[in-house]
Amino acid sequence: MVVTEAHRIDPTMLREYDIRGIVGETLGTDDARAVGRAFGTVVARGGGRRVALGYDGRLSSPELAAALASGLQASGLEVLTIGRGPTPMLYFAVHELGLDGGIMVTGSHNPPQYNGFKMMRGKKAFFGEDIRRLGEIAAAGDFADGTGAVTQVAVFDDYVDRLVDIYRGKRELTVAWDAGNGAAGEAMAALVGRLPGRHILLNETIDGTFPNHHPDPTVEKNLEQLRQAVATHHCDLGIAFDGDGDRLGAIDGEGQVLWADQLMVAFAGEVLEDHPGATIIADVKASQVLFDEIARLGGTPLMFRTGHSLIKSKMAELGAPLAGEMSGHIFFADRYYGFDDALYAAVRLLGILARGDETLAAFRARLPRVVNTPELRFPCPEDRKFAVVEEVKARLAATGAEVNDIDGVRVRTKDGWWLLRASNTQDVLVARCEAADAEGLERLKRDLVAQIEKSGLSAPEF
Ligand SMILES: [Zn+2]
């Protein structure tokens, strides 16, 4: 074996669901080439030949994509470059063109200095052990060699066509859209230009410095500009995308945020009409209202682990037509391929509203009333985060509490629940509480804080 290209990828970059680092510090073009070499090796040794490559709107992305392409090519792969666009457009290319995998250069919703890679092998998410193995291959320089090729393919128009095709509506809506200057901007503008109704576009110009606000719609302050536009233009709703277009945010005509677990109730209602009894998956952070509503609508709710790669895998395993995460990743396998595409989810949402008479605000008001916290995140040392959850679980077991431990502990009480789980991607613990009323919520928060303090941590502010 000739070990000329062995390259150690900074271990902090090899994360659970993607590879990510700070450009110029942990991540450079040499790393991108090594990732291409190693990923290309995995695909080639598995008998694969053709992969798609796309990149987001970050300033560093074109250069990283070029280095990545050279690495993939050196491992013998035919690289189909799809250019700049949202991550779901890359997934779309892999499915639509029947490729053996794909890599997206994206820092998702992270600050401008970040960048990284999301991968799929065949039609499956490439994560966890796959990523660790990729790091080992690069460090050993254990690469496949071959003569590949780099070819440009145009998928943008096909992608937008597909999004337009699935829209069905009988009344025209007024909609504000905010791409946050992220990679979804161009596709969003092309899509919206072909939908009926009145549309107001915000931050549709792709700009890797994110000059207007951070492209993360799960943080409410990032929705402020959208909320203003909805009010000014008397919109039916507002839609926001994260930096690479795989996560969705929405606000109704009254300016209220609908979180992903609320939007999922609407999506489940529609999907279950065509797939009665189907399994619908949501992550462990989702409101009990969602699970109850799925059951009430005749579906089979499944609470599963947080993590877009884990959810995609579970969905494929069970043949579930729909899944969603609190983080805004929504996955449709009904009339689509089962990956997280926020533009696709947005069109489905518009369709649901435009076929009916109910506004999004009225839909929200009709949901069963609960009070809950947002997702709470607080620091916990890496070597303690899983241990703390285990300690809490052990203490709860002694009390006979009703606990779901699919991902951390989700404790069900007579009027609500609380969750404590360790993040797979950061040194934080994640918590959430939900109750029937404010008083109940305070009690659940106290229960949660007491457990955290028993494990020697200081409780989060909430
Ligand atoms: Zn994203």
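All residue numbers in this chain count up from 1 along the given sequence. Just follow the structure's listing: the first ligand is 1, and inside any ligand the first atom is 1.
With a cut-off of 2.8 Å, the Zn ion (ligand 1) has no N, O or S atom of Thr87 in range.
Remark: Glu129 CD is packed, more than 12 non-hydrogen atoms of other residues, nucleotides or ligands lying under 6.0 Å away.
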*asked:* Walk me through whether Asp341 and Tyr159 qualify under side chain to side chain donor-acceptor pair (under 3.5 Å).
replied: CA-CA 11 Å; Asp341 184 338; Tyr159 175 62; 2.9 Å; yes
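The existence of a salt bridge linking Arg432 and Asp261 is confirmed by a sub-4.0 Å separation between a basic side-chain nitrogen and an acidic carboxylate oxygen. Taking the charged nitrogens against the carboxylate oxygens, Arg305 and Asp283 have no contact shorter than 4.0 Å, which rules out a salt bridge.
Take the N/O/S atoms of Asp246: the one nearest the Zn ion (ligand 1) is OD1. The Zn ion (ligand 1) is closest to atom OD1 of Asp244 (considering only N, O or S atoms).
Draw a line from the Zn ion (ligand 1) to OG of Ser108 and another to OD2 of Asp242, and the angle between them is 90° (to 10°).
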